[in-house]
Asks: 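Here it is, the structure in full.
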Protein chains: 2
Amino acid sequence: MKNKQKQIQLRDVQDVIDIIGGRWRGAILASLCDKEKRFNELKRDLGSVTPRTLTKELKYLELNKLVSREVDASSAVSVVYSLTKHGKSLEPLIGQIVVWGQKHRKVVLG
Amino acid sequence: MKNKQKQIQLRDVQDVIDIIGGRWRGAILASLCDKEKRFNELKRDLGSVTPRTLTKELKYLELNKLVSREVDASSAVSVVYSLTKHGKSLEPLIGQIVVWGQKHRKVVLG
DNA sequence: TTTTGTAGTATCCTAAAAGATAGTGGTATT
DNA sequence: AATACCACTATCTTTTAGGATACTACAAAA
């Protein structure tokens, strides 16, 4: 049965990469590791992301319970995004990604 | 300067996800963590990948020095793919991805 | 009261990723 | 000699991600 076990692991890898993969999701999560942020704050952090994409990605991450969206009704139109407990469980993984990335630079295609 | 440091980290995350991201690259690397494999062996491992895609992804990983391709000229048309030293440095990261993936299942969209 | 900021939507469009399918040139098997 | 396996390549098509741009509704600041 250890061959079956391997198949399961491959699916795990694919699933996780589905979640944190894509142009922005990893960076969004990494940015929120730092602290909770508001929509435009994230937007500035990420640099070139469009609002359309950011909205979409945040919704995806919300759906996957990695990010929570809270409206602060008290004082203004203010929305705060933060990592859920589930999202925070990704922190060490993202930390390791950063460490690896700092050691091994990407090769760009000619 | 710690804000600049944050930007760099975000770029690292994006770069690493570029490398291991995509539908197949993570799984290919995970499969090769196990042991070196041949083309069709990988193909069977990954299940539904097409040869066109597998070829492309392997070439990308080769270009990034994560995977090496060796032709065994001695006995037959036999090609062996394996992790380079650089590729092996990803093993702990992939291991952590597997662990996280086994704990936290992906939510699929309706 | 005009301007600025916040938190998005809506529409359109393009480029890249990847599936489907067929074919190729060699080797090994029976 | 025929069949099957290996390691691909070629072509076509679909799907998806994500950029560009413009717009909205609301609130606070100047």
Side-chain angles (χ1 to χ4, degrees), chain A residues 10-11 13-15 17-29 31-32 35-64 67-82 106-110, chain B residues 10-11 13-15 17-29 31-32 36-64 67-82 106 108-110:
Chain A
L10 293 193
R11 285 198 42 193
V13 173
Q14 290 179 313
D15 281 358
I17 286 174
D18 269 9
I19 291 175
I20 66 170
R23 180 103 185 66
W24 296 111
R25 294 209 270 267
I28 291 169
L29 292 167
S31 175
L32 291 176
K35 61 178 176 64
E36 58 175 38
K37 302 231 167 97
R38 301 201 292 174
F39 186 85
N40 284 338
E41 214 172 347
L42 274 169
K43 194 153 127 32
R44 278 187 296 267
D45 249 34
L46 300 181
S48 58
V49 72
T50 62
R52 175 190 176 280
T53 299
L54 185 53
T55 304
K56 258 190 53 186
E57 298 306 294
L58 284 169
K59 273 184 185 151
Y60 177 91
L61 292 171
E62 237 192 301
L63 188 69
N64 276 272
V67 163
S68 80
R69 175 182 183 278
E70 278 172 69
V71 181
D72 176 4
S74 71
S75 115
V77 179
S78 175
V79 179
V80 175
Y81 293 93
S82 60
K106 188 175 67 161
V107 174
V108 185
L109 298 91
Chain B
L10 292 192
R11 285 197 43 192
V13 173
Q14 290 179 312
D15 281 358
I17 286 173
D18 268 10
I19 292 175
I20 66 169
R23 182 103 186 67
W24 297 111
R25 294 210 270 266
I28 290 169
L29 291 168
S31 174
L32 290 176
E36 58 175 38
K37 301 232 167 96
R38 301 201 293 174
F39 187 84
N40 284 338
E41 214 173 345
L42 275 169
K43 195 154 128 32
R44 278 187 297 267
D45 249 35
L46 300 181
S48 57
V49 73
T50 61
R52 175 190 177 281
T53 300
L54 184 53
T55 303
K56 258 191 52 187
E57 298 307 293
L58 283 169
K59 271 183 187 151
Y60 177 91
L61 293 171
E62 237 192 300
L63 188 70
N64 275 273
V67 162
S68 80
R69 175 182 183 277
E70 277 172 68
V71 181
D72 178 3
S74 71
S75 114
V77 179
S78 174
V79 180
V80 175
Y81 292 94
S82 60
K106 187 176 68 162
V108 186
L109 297 89

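Please read these numbers as outputs of a predicted model, since none were measured by experiment.
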Asks: When you get a sec, tell me which of C/dA20, D/dG19, D/dA17 is the closest nucleotide to the side chain of A/K56?
Replies: D/dA17
Asks: Identify which nucleotide among D/dC8, C/dA7, C/dT9 has an atom closest to any side-chain atom of A/R38, counting heavy atoms from C-beta outward.
Replies: C/dA7
Asks: Please pick, from D/dA22, D/dA20, D/dC6, the nucleotide with the shortest atom-to-atom distance to any side-chain atom of A/R52.
Replies: D/dA20
Asks: In terms of side-chain heavy atoms of B/V79, which of C/dA7, D/dA7, C/dA22 is nearest?
Replies: D/dA7
Asks: State which of D/dC6, D/dG18, C/dT6 makes the closest approach to the side chain of B/R44.
Replies: D/dC6
Asks: Expressed as a whole number of angstroms, how long is the span from A/L46:CG to C/dA7:C1'?
Replies: 15 Å
Asks: Count the heavy atoms belonging to other residues, nucleotides or ligands that lie under 6.0 Å from CD of B/E41, then report whether that count exceeds 12.
Replies: yes
Asks: Closer than 4.0 Å, any side-chain N/O of A/Y81 to the OP1 or OP2 of C/dT6?
Replies: no
Asks: Mind calculating the distance between CZ (A/F39) and P (D/dA27) to the nearest angstrom?
Replies: 19 Å
Asks: Rounded to the nearest 0.5 Å, how far apart are CZ of B/R25 and CD of A/Q14?
Replies: 13.0 Å
Asks: Could you give me the CA-CA distance, side-chain angles and deciding distance for B/T55 and B/F39, then say whether side chain to side chain contact (heavy atoms under 4.5 Å, CB included) is met?
Replies: CA-CA 8 Å; B/T55 303; B/F39 187 84; 3.6 Å; yes
Asks: Can you measure A/Y60 atom OH to D/dA17 atom C1' for me and round it to whole angstrom units?
Replies: 13 Å
Asks: Quick one: is C/dA16 close enough that its OP1 or OP2 comes under 4.0 Å of any side-chain N or O from B/R23?
Replies: no
Asks: Is the closest side-chain heavy-atom distance between A/L32 and A/L42 below 4.5 Å?
Replies: yes
Asks: Any heavy-atom pair between the side chains of A/L58 and A/R69 that's under 4.5 Å?
Replies: no
Asks: Measure the distance from CD1 on A/I17 to P on C/dA17 and round it to the nearest whole Å.
Replies: 15 Å
Asks: Compare the minimum distances between each of C/dA18, C/dG8, D/dA7 and the side chain of B/W24, then state the nucleotide with the smallest one.
Replies: C/dA18
Asks: With a non-hydrogen cut-off below 4.0 angstrom, is A/E41 in contact with a base, only sugar-phosphate, or nothing?
Replies: nothing
Asks: Can you tell me the distance, in whole Å, between the CG atom of B/L54 and the P atom of D/dT9?
Replies: 11 Å
Asks: Would you mind reading off the distance between A/K43 atom NZ and C/dG8 atom P, rounded to a whole angstrom?
Replies: 12 Å
Asks: Taking CG from A/L42 and P from C/dG8, how many angstroms apart are they, rounded to a whole number?
Replies: 10 Å
Asks: Looking only at the side chain of A/N40 (C-beta and beyond, no hydrogens), which of the listed nucleotides D/dC8, D/dG18, C/dA7 gets closest?
Replies: C/dA7
Asks: Please state how far atom NZ in B/K59 lies from atom C1' in C/dA18, giving the value in whole angstrom units.
Replies: 16 Å
Asks: Heavy atoms under 4.0 Å, any strand shown: does B/R25 hit a base, just sugar-phosphate, or nothing?
Replies: nothing
Asks: Could you work out which one of C/dG19, C/dA7, D/dA7 sits closest to the side chain of B/T50?
Replies: C/dG19
